[in-house]
Each structure stands twice: as C-alpha cells, then as structure tokens.
Amino acid sequence: MAQRYNFRETELKWQSVWDDDGTFTAEADPAKPKYYVLEMFPYPSGRIHMGHLRCYTLGDVVARYKRSQGFNVMHPMGWDAFGLPAENAAMEKNVHPAEWTYQNIATMRDQLRAMGLSIDWSRELATCDPDYYRHEQAIFIDFLEKDLVYRQDGWVNWDPVDHTVLANEQVIDGKGWRSGAPIERRRLAQWFCRITAYSDELLEALGELDRWPQKVRAMQENWIGRSEGAYINFAFTGSRPDSLRVYTTRPDTIFGASFCAIAADHPLAEEIATGNDAAADFIEECRQLGTSEEAIQTADKRGFDTGLRVKHPFIAGRELPVYIANFVLMGYGTGAIFGCPAHDQRDLDFARAYDLPVLPVVVPQDADPASFEVGAEAFTGDGALANSEFLDGLDVEAAKREIISRLEDMDQGEGALNYRLRDWLVSRQRYWGCPIPVIHCETCGAVPVRKDDLPVVLPDDIDFESPGSPLDRHPTWKHVPCPSCGADATRDTDTFDTFMDSSWYFARFCSPDAEVPVARKDVDYWLPVDQYIGGIEHAILHLLYSRFFMRAMRDTGHLDLAEPFAGLFTQGMVNHATYRDEGGEWLEPQSVMQDENGAVVRIDNKAPVTVGRIEKMSKSKKNTIDPTDVIRDYGADTARWFILSDSPPDRDMEWTDSGVQGAFRFLNRVARLVTKNLDGLVPAGHEGFEDDTASSDLRRDVHKAIADVTADLERFQYNRAVARLYEMTNAVATALKSDACGPASRREALETLVRLLSPMMPHLAEEMWQSLGHTSHLCDVSWPVADQALLVDESVTYAIQVNGKLRGTVDLPAGTGKDETEAAARQVPNVADSIGDQEIRKVIVVPDKLVNFVV
RNA sequence: GCGGGCGUGGUGAAAUUGGUAAACACAAGGGACUUAAAAUCCCUCGGCUUCGGCCUUGCCGGUUCAAGUCCGGCCGCCCGCACCA
C-alpha cells in the first residue's frame with residue numbers, strides 16, 4: 001500500500017534547500033520589475049499566535065505568487081522589539097529586558113521558519129539593536145533641525161499604571177491603550193512630532209490610495225477631522241484690552257449668538273479661578289467629570305458665569321455673557337465658542353438650562369420666517385437667513401462667505417481651516433525604548449547630540465526595583481557635558497514612543513546594512529511597499545505615523561516618497577469557540593471532548609461543559625491554539641491551507657479542529673493522486689498533447705482552473721482559490737481514474753495542479769514537482785498561463801425561463817444562432833407546459849446563456 | 001449623533017458584478033472495504049411535494065424581460081469616531 005506523505009521530513013528538507021540556496025535573498029536590480037511584500041512585523045512577545053500565522057501566510061502567498069510571475073520580490077522580516085512588556089518581564093521575572101527580548105526573538109524566528117515562509121532573512125532587523133536605533137536618532141536630529149519636532153510644555157495624557165505619557169491616538173475612551181487605566185492630565189515638557197504640518201497633505205493623499213480599504217481611509221479622514229469655519233474675536237466690555245477668540249463652523253449664525261463659553265482648561269478660566277473660589281471649584285468639578293462615553297452622554301450642560309461680558313461684533317450695544325462650560329474642550333479650536341442655541345443642540349441645551357435667548361436665524365425652506373420657532377431640537381439644516389440684518393435671505397453657504405469677508409474687513413476674525421489632528425507626543429518615561437538624543441544644558445537649552453556621538457546607547461546596568469523612569473534614576477548615565485558649551489549638562493532621560501521605531505523600518509529593510517538611515521538607490525528601487533498586510537487595529541496609529549514619517553524624511557532629504565504603502569490589506573481575526581466548566585471557569589479547547597451522545601464534556605472527569613460564544617483567541621478566555629502544535633501534528637502546509645480555506649481573508653474566521661483535519665486529508669489526497677499516477681506519463685518536458693475527446697476535456701478543465709485560480713489570487717480571494725483547487729482536484733482525480741486520457745494530458749493535469757497549489761502549500765508542491773521528474777525547483781518555475789483557446793466550451797447549457805423563472809435547461813453547441821436557440825428552447829417539455837396556451841409577447845435570447853419567454 | 005460594513009442552508013461560505021441561488025468545504029446520516037478500528041472510496045444532505053414540479057437570499061415597496069446583486073423605506077447586527085463648536 002502507498003506510504004502516507006511524510007510531511008515532517010519533507011517540510012524540513014525543502015526549508016533547508018531554500019535556505020542553503022539563498023532562494024529568497026533579494027537584490028535590487030533596476031532591470032527587473034520589483035515587488036515589495038511586507039507584513040506588519042511582530043512584537044517579540046514570546047511565541048507566535050494564530051494572528052501571526054494568518055498574516056504571514058497571506059503575505060507568503062502574495063510573495064510566492066508574485067515571484068512566480070517574474071517579479072523581483074523582496075519579502076523581509078524583523079522585530080518590533082522595544083516596548084513595555086519587556087520591562088514588565090524584567091520586574092516580574094528578574095530578567096534583563098534585552099535578554100528577554102532576544103530570547104523571544106530566537107524562539108519566534110524558529111517558529112516562523114517552520115511555516116516555510118519565503119523570507120529574505122539576510123535583511124532581518126530588530127528595533128532594539130543600536131545599529132537600528134542610531135539611525136532613528138539621526139533622523140530625529142534632522143527633523144529637529146527642520147522644525148519637524150519640537151519640545152513643549154503643556155497638558156499631556158498620563159497613564160498612571162504604565163508611568164508614562166501617551167499620544168492622543170493611544171488614549172481610547174479616556175483610557176490607556178495598553179493598561180486600560182483612566183488617563184490623568186499632567187503638565188510636562190515633552191517632545192512632539194509636528195504631524196499637523198502635514199494635516200492637509202495627509203488628508204488629500206488618502207484619495208489616491210486606491211488599493212487601501214475604504215474603511216481605513218475613512219477612519220484616517222475622521223481622525224484628521226478637517227473642518228471649515230472662522231475665528232472670531234469678541235472684544236470684552238469695560239477696560240479689558242484683549243479679546244476672546246473663538247472658533248466656529250457656523251459664522252453665519254452670529255446674529256443668533258446669545259453667549260460665549262470657554263473650556264475649564266482655558267487660560268482665561270485659570271486666570272478667573274485665582275481669587276475666585278466658586279470658579280475654581282467649578283473648574284475642578286469639570287476636571288473630575290469622567291471622560292467615558294457614558295459620562296459624556298448623561299452629563300448635563302453646566303456652566304459658570306464669569307461675570308465677564310463681550311461685545312457682539314455686528315450689533316451695537318449687544319453684550320454676551322461669558323461662561324466656563326463643561327462641554328467646551330480645550331483641545332479643539334481655541335477652547336472657546338460662541339453659542340447660537342437655535343442651531344446647535346449643545347448650545348440649545350445650555351441655553352434652556354440657563355434661560356438664555358433662543359433666536360432662530362436660519363429658517364427651513366418651507367417655513368414662515370415670522371412664526372418659525374425652535375423647540376426641543378436645534379435646527380441644523382440649510383435654509384434662508386433671517387433676523388440677521390444684511391444676511392437676511394441668503395442661504396447658509398452664501399451667508400458664511402459674506403460674514404467672513406465682513407469680519408476680515410473689520411479685522412475681527414478670519415476664515416479658517418481647522419483640524420482635529422494634534423501633534424504626536426513621542427516622549428515616554430520608560431527604559432526599553434530608543435533614547436532621545438538630546439542634552440539639556442542650563443545655558444544652551446535643549447541641544448541635539450552630535451551625530452558623530454551616535455548612537456546614544458541604553459545603559460545595561462539598570463534597576464527596576466523602584467517606580468518611575470529607570471534612566472532618570474541611573475547614577476551616571478545622564479551626566480554629560482553640553483555639546484555646545486561644554487558645561488555640565490544632562491541627557492534627556494525619556495525614550496521614544498515605539499511607534500517611532502515602526503514608522504520607518506520598512507524603509508530600513510531596503511538597505512539594512514547602510515551607514516546612513518536609508519541608502520538612496522535602494523529605497524528608490526524598492527519603495528513603496530507594494531503590498532502591506534496587517535491588522536485593522538493599526539488603521540490610525542501605525543499607518544498614520546508612517547505616512548507622516550515618509551513625508552518628514554522626504555523633507556529632510558532622506559528619500560523622495562510620500563506614501564509608504566501603495567497597497568494595504570487588513571486581515572480578519574482568528575476566532576475560536578469558548579468553553580466553561582460548571583463553576584464558570586474557562587477551559588482550554590484541548591481539555592474538552594464530545595462524548596458518545598455528542599455532548600461536550602471535560603476529558604478528565606466527563607463533567608458537562610458550556611460551549612460559549614466564538615470569540616477572538618485570547619489568553620484570558622483560554623481559547624487559544626498554538627500554531628506550533630498544529631505544525632507539529634499536521635505540518636505547515638496543512639496549517640497554511642486551512643487558514644486560507646474557509647473565510648475571506650479580510651473577514652474573521654473560526655479555527656476548528658475538524659477544519660484542520662479536512663485540510664490534512666486534502667493534502668494527503670493530493671500526494672496520493674500524484675504518486676499513484678506517476679506511471680505511464682510522458683517524460684517531464686514533453687511537448688504536444690493528445691486531441692482525443694477525453695484528453696481535450698481534461699485539458700479544458702485544467703486550463704479553466706488556471707484562469708480561475710489566477711484571477712482569485714490577484715484579487716486576494718484565497719478562499720475561492722482554495723475551493724476552485726478542490727474542484728480541480730476532484731475533476732483530475734475522476735479523469736485519471738479511467739484510462740481514456742493520454743499520457744501528455746495526464747502529466748499536464750498533475751503538474752498544473754501542483755503548480756497552482758504551490759503558493760499555498762509550498763513544501764508538498766516542491767516534493768510532488770520532484771516526484772514528477774523535475775530537477776528544477778518549483779519556486780523558480782514561472783506561473784502557468786491558461787490557453788485561451790481551451791477556455792471556450794464546445795457546448796453550453798442554456799437556462800430557459802418563462803417570465804424570468806427557470807423552467808428548464810437545454811445543451812446546445814456554443815455559438816448557436818438566436819432562432820435556432822429559441823426553437824430548441826420551445827421544445828423543452830416543462831417550458832411548453834408553463835407557457836400553456838398563453839401568448840408569447842416577447843422572447844429574450846442572451847447568447848450562450850439563457851432564453852426568457854415573456855407571456 | 002457622524003462615518004464604514006454586513007444580513008444567503010445545521011455551519012464556514014460561493015454566485016464570472018443584473019442572467020440556472022446554495023459551487024467548495026465542515027458537520028450529520030447511510031453504504032462499501034476490514035475479524036475490528038483507523039485510513040480510503042461511494043451515496044444523501046434548504047423547504048414543501050400528489051415525485052410532474054413548486055417555493056426559497058432579514059422585512060416592505062420600486063426599476064427591469066430578468067434582482068441575492070440596482071434604487072427608496074424599514075428592522076437587526078458588527079466596527080471606528082464623538083459634547084470637535
């Protein structure tokens with residue numbers, strides 16, 4: 001009996017062949033078209049998980065497929081190696097962060113190698129390597145000189161659990177993105193990247209990223225949050241010489257203004273609070289108010305009358321009260337607004353609470369201006385201006401233009417674009433990150449480290465015993481002379497946000513050994529990344545920062561590129577059912593089984609188990625499967641095949657043991673199919689085919705499969721490609737069972753099957769290719785091309801409809817004429833019955849498709 | 001509230017973008033081989049049916065010879081953002 005396919009031996013064999021031959025080592029070659037495939041590099045947390053397996057399998061299919069199409073493919077791998085978990089491990093297990101990190105990298109590299117990925121390992125990098133981060137420090141210094149980074153004292157987001165500040169993007173629902181702890185506000189001097197310098201460019205360019213998911217583009221658009229409006233300066237009454245500057249998107253409603261309001265953090269509010277306990281109490285109250293969604297939605301609109309009054313810019317003698325209000329945010333616009341209750345819901349709620357006037361100044365098209373009133377809901381639609389002197393009768397857009405032009409003439413304001421996007425805070429009070437290459441001197445201020453003195457290396461002897469920043473506590477490291485004046489000075493003891501590390505690693509991959517951050521000729525050849533693959537969770541953070549970084553690197557002369565990722569694919573999550581015992585404790589999938597009645601029970605004591613929701617694999621719910629176990633038990637090809645097979649790659653998928661076994665069965669079936677049919681083939685390399693009916697039919701099936709699978713791979717529809725290959729395998733197996741097909745057509749069928757499978761199950765494909773008598777390696781063989789002549793069928797099945805409903809089918813030779821087709825359709829028995837004695841009013845004939853009788 | 005997406009068998013899904021709905025797989029059931037099991041192979045598998053067929057893509061309506069697909073209105077679910085002035 002035929003031996004079972006030995007996946008263990010075979011997979012190891014081909015992995016070392018590829019390795020020894022340097023098969024996947026890429027070299028820049030301007031004569032060849034390049035293709036840069038990249039998956040988001042992993043954080044070395046300890047072991048690879050199913051999300052990695054899915055992501056890297058998807059990327060490897062792209063890489064192998066493009067390679068077989070003649071592209072010069074670069075497919076590198078590296079490690080996003082700085083970050084807090086290494087420090088936590090240091091505290092919990094008393095191991096140095098570097099040691100912990102490099103051990104994890106070693107483990108995970110082996111795990112990835114076992115997947116049989118077509119990776120160019122010669123380009124491997126780790127962001128915690130001084131040879132990597134010295135270049136990041138150099139880039140930062142260049143940014144500093146171009147004013148693309150700056151240091152500023154201000155309110156920042158403080159994570160009290162991770163003991164560090166966070167960027168706005170890292171605060172989710174008012175909580176730290178890693179720790180989940182409620183964020184506190186602190187005043188600190190910190191480094192910022194001037195991402196807002198590119199607000200408009202980052203927004204505009206989204207329109208050209210046509211190979212990005214619509215969803216990600218929409219999310220970035222919202223995040224950048226462009227709005228058009230105006231600044232208006234309201235002069236104070238009395239002797240105060242300055243004015244209150246507000247931002248509004250509805251300057252047209254100025255005649256309906258009944259108050260102004262400022263944020264609790266507004267400088268004016270702080271000024272008032274000194275010497276005014278009631279104001280100070282109110283401000284404190286606003287700060288205490290939770291930032292959670294629920295707190296915001298249920299919070300009443302509340303204000304504190306400062307006693308200050310401002311003058312209405314267009315109505316002589318009209319004065320507006322100035323409140324400190326809990327619904328005004330310091331972080332948007334100027335932190336101050338004018339309130340027009342009739343046309344803004346928040347302003348209306350506030351006006352009702354404090355008994356302020358509600359005067360409609362825009363009336364809907366079909367309403368009577370004399371009687372139109374606003375009740376519980378503000379009117380925010382378009383309409384005609386009213387009660388607004390010179391604006392009366394204009395529509396909203398025209399009124400905006402008019403009022404802005406008047407404000408500008410009076411020098412009391414101007415039209416403006418405003419963005420929600422804030423500058424990116426990159427300082428972190430942590431040890432395991434890239435040191436910020438700046439020295440603080442009492443006389444010279446913040447001075448960049450001289451480039452010759454780079455890298456600023458992290459000290460190894462570090463203590464994690466007490467809280468706070470380990471670098472700041474280090475006895476000697478921070479004490480250095482000022483590079484400018486030579487006096488005693490101190491290093492910046494903060495490190496970079498790790499998103500800095502990942503904002504340019506894809507560029508470093510192009511020239512991993514260069515003495516400069518990026519070698520121009522290499523990035524010019526390889527960038528942009530043609531296909532980038534990763535999780536949707538980076539839709540804003542990593543992807544937005546990287547887009548900023550390329551522009552900033554462009555403007556500091558490192559490269560000439562704006563968009564780093566021409567194509568982006570966001571893969572779905574890997575889910576698994578969850579299990580709980582009678583006590584409600586989570587159980588691992590390995591510890592449950594089905595008993596003889598089909599009920600799910602514990603393996604050890606047969607106690608009943610509750611099967612819960614199918615959820616994202618997570619340690620806390622214990623519903624994880626270790627990819628390495630699957631590879632050990634079934635092989636990498638099986639794991640790859642299964643993860644591609646069931647669900648579209650961008651959708652969530654469910655990992656099931658039965659699905660894996662199904663994939664395993666298929667693999668063995670392919671191996672059996674090839675091995676059993678080796679006898680009686682023409683030799684490898686034979687040209688020409690038999691033209692008998694059976695052989696031609698087989699060849700037609702084979703070439704249709706080539707066309708379909710190729711189209712599916714092009715469009716990232718790997719689940720369809722898998723289904724099509726199942727179908728092809730069934731067809732080939734059936735055809736080869738009889739002796740009717742000729743030896744050349746049989747060889748073509750088997751070889752084509754193996755070639756089409758190769759991007760997804762590369763080891764088995766190589767092995768079968770060798771069994772078929774080839775000395776070349778399949779990964780060097782070009783992708784099959786479908787013979788167009790074989791894609792056309794000799795006969796087609798027509799659908800015959802009556803009034804659009806299917807009533808029968810008929811087989812006719814391809815290209816049959818309309819009249820002949822209609823005549824044949826009338827003969828179909830059920831069709832004649834359906835028509836009965838009704839009059840046929842119309843006949844639609846779609847060539848080679850269908851006939852529709854309309855009665 | 002704003003933005004994006006989805007809704008098809010027991011399950012994951014497919015439908016060449018308006019042209020035979022449910023391909024392919026998983027699960028389930030039946031059978032063959034075997035002393036037995038594993039492996040393998042074959043058959044059935046949306047609903048109803050008088051076995052001729054008829055009906056079926058969240059709900060209602062529309063366009064069309066023809067709608068899972070396009071348009072309008074509901075209902076439900078998922079994701080992102082949000083007192084953003």
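All chains are named by letter (A, B, ...) in the order of the sequence lines, taking the proteins before the strands, and each is independently numbered beginning at 1.
Nucleic acid contact for A/R807: sugar-phosphate only, since backbone atoms but no base atoms lie under 4.0 Å from a heavy atom of the residue. If you check every strand for non-hydrogen atoms under 4.0 Å, A/Y247 touches a base. As judged by a 4.0 angstrom heavy-atom cut-off over every strand, A/G662 is placed among residues touching the sugar-phosphate backbone only. Residue contacts for A/V843: at a heavy-atom cut-off of 4.0 Å it reaches no nucleic acid atom on any strand shown. Base engagement by A/T797 is indicated by at least one non-hydrogen atom pair under 4.0 Å involving a base atom. Heavy atoms of A/D349 sit nowhere under 4.0 angstrom from any nucleic acid atom. Among the atoms of the strands shown, none is found under 4.0 Å from any heavy atom of A/P213. Contacts of A/T809 with the nucleic acid, taken as non-hydrogen atoms under 4.0 Å apart, include base atoms. Counting any heavy atom pair closer than 4.0 Å across all strands shown, A/R250 reaches sugar-phosphate atoms only and no base atom. Residue contacts for A/R217: at a heavy-atom cut-off of 4.0 Å it reaches no nucleic acid atom on any strand shown. Residue A/N730 is in sugar-phosphate contact alone, with no base atom involved, counting any heavy-atom pair closer than 4.0 Å across all strands shown. Residue contacts shown for A/K704 are absent, as no nucleic acid heavy atom lies under 4.0 Å away.
OP1 and OP2 of B/rG12 both lie 4.0 Å or more from every side-chain N or O belonging to A/R651. OP1 or OP2 of B/rU16 has not a single side-chain nitrogen or oxygen of A/R715 nearer than 4.0 Å. Distances shown here put every side-chain N or O of A/K805 at or beyond 4.0 Å from the OP1 or OP2 atom of B/rA21. Side-chain N/O atoms of A/R420 include one lying less than 4.0 angstrom from OP1 or OP2 on B/rA82. Under 4.0 angstrom from either OP1 or OP2 of B/rA25 there lies no side-chain N or O belonging to A/Y726. Between A/N719 and B/rA14 there is a side-chain N or O to OP1 or OP2 distance below 4.0 Å.
Between the base of B/rC65 and the side chain of A/N852 there is a donor-acceptor pair shorter than 3.5 Å.
Closest to the side chain of A/L850, out of B/rU40, B/rG19, B/rA82, is B/rG19. Checking B/rC65, B/rC81, B/rU40 against the side-chain heavy atoms of A/R665 singles out B/rU40 as nearest. Checked against B/rA21, B/rC79, B/rA82, the side chain of A/W223 finds its nearest nucleotide in B/rA82. For A/Q801, the listed nucleotide lying nearest its side chain is B/rG19; candidates were B/rC54, B/rG19, B/rA14. Of the candidates B/rC65, B/rA25, B/rA13, the closest approach to any side-chain atom of A/V854 belongs to B/rC65. Side-chain atoms of A/S647 lie closest to B/rA13 of the nucleotides B/rG4, B/rA85, B/rA13. Of the listed nucleotides (B/rA85, B/rC55, B/rC81), B/rC81 has the atom at the smallest distance from the side chain of A/I172. The side chain of A/K301 approaches B/rC83 more closely than any other nucleotide in the set B/rC83, B/rA13, B/rC41. Of the candidate nucleotides B/rG3, B/rG19, B/rG12, B/rG19 has the atom nearest to the side chain of A/V846. The side chain of A/V328 has B/rA85 as its nearest neighbour among B/rA85, B/rA82, B/rC42.
Using cut-offs of 30° and 60° for the angle between ring planes, the A/Y247 and A/Y332 rings count as perpendicular.
At least one side-chain heavy atom of A/V630 sits under 4.5 Å from a side-chain heavy atom of A/W655. Between A/H576 and A/M617, some side-chain heavy-atom pair lies under the 4.5 Å cut-off. Contact of the A/V722 side chain with the A/M760 side chain is registered, since non-hydrogen atoms from C-beta on lie closer than 4.5 Å.
In this structure, A/D793 pairs ionically with A/K704, as a charged nitrogen and a carboxylate oxygen lie closer than 4.0 Å. The pair A/K400-A/E228 does not meet the salt-bridge criterion, since no charged nitrogen lies less than 4.0 angstrom from a carboxylate oxygen. Ion pairing between a basic and an acidic side chain is recognised when a charged N comes within 4.0 Å of a carboxylate O; A/R826 and A/E822 show such pairing.
At whole-Å resolution of the value, NZ in A/K215 and C1' in B/rG80 are 6 Å apart. A/Y798 places its OH atom 14 Å from the P atom of B/rU20, with the value rounded to the nearest Å. A straight line from CG of A/D652 to P of B/rG12 spans 12 Å, rounded to a whole angstrom. Rounded to an integer number of Å, the gap from A/F642 CZ to B/rA27 P is 11 Å. Put simply, CH2 on A/W212 is 18 Å from P on B/rG4, counting in whole angstrom units. As a whole-Å value, the separation of A/I800 CD1 from B/rU20 P is 12 Å. The distance between atom CG of A/D848 and atom C1' of B/rG19, rounded to the nearest whole Å, is 13 Å. Whole-Å rounding puts the A/Q717 CD to B/rA13 C1' distance at 12 Å.
Checked by atom type, the side-chain pair A/R841/A/N803 shows no donor-acceptor distance below 3.5 Å.
Of the possible polar contacts, one joining the A/N668 side chain to the A/F664 backbone as a donor-acceptor pair under 3.5 Å is found.
Comparing A/Y419 and A/N830 by the nucleotide of RNA chain B whose heavy atom lies nearest to each, the residue mapping closer to the 5' end is A/N830. Between A/M219 and A/S658, the residue anchored closer to the 5' end of RNA chain B is A/S658, taking for each the nucleotide with the nearest heavy atom.
With its glycosidic angle more than 90° from 0, B/rU64 adopts the anti conformation. Nucleotide B/rG9 is shown with a syn base, its glycosidic torsion being within 90° of 0.
When all heavy atoms of A/R700 and A/V792 are compared, the closest pair comes out as NE-O, 3.3 Å.
Judged by Watson-Crick or G-U wobble contacts below 3.5 Å, the nucleotide B/rC84 has no partner. If you check B/rG76 for Watson-Crick or wobble pairing at under 3.5 angstrom, you find it paired to B/rC6. With a cut-off of 3.5 Å on both pairing distances, B/rA39 has no Watson-Crick or G-U wobble partner at all. B/rC70 is paired with B/rG62 under the Watson-Crick or G-U wobble criterion, all donor-acceptor distances under 3.5 Å. Of the nucleotides present, B/rA28 is the one that pairs with B/rU44 by Watson-Crick or G-U wobble criteria, both distances under 3.5 Å.
The separation of B/rC71 from B/rA85, taken at their C1' atoms, amounts to 36 Å, rounded to a whole angstrom.
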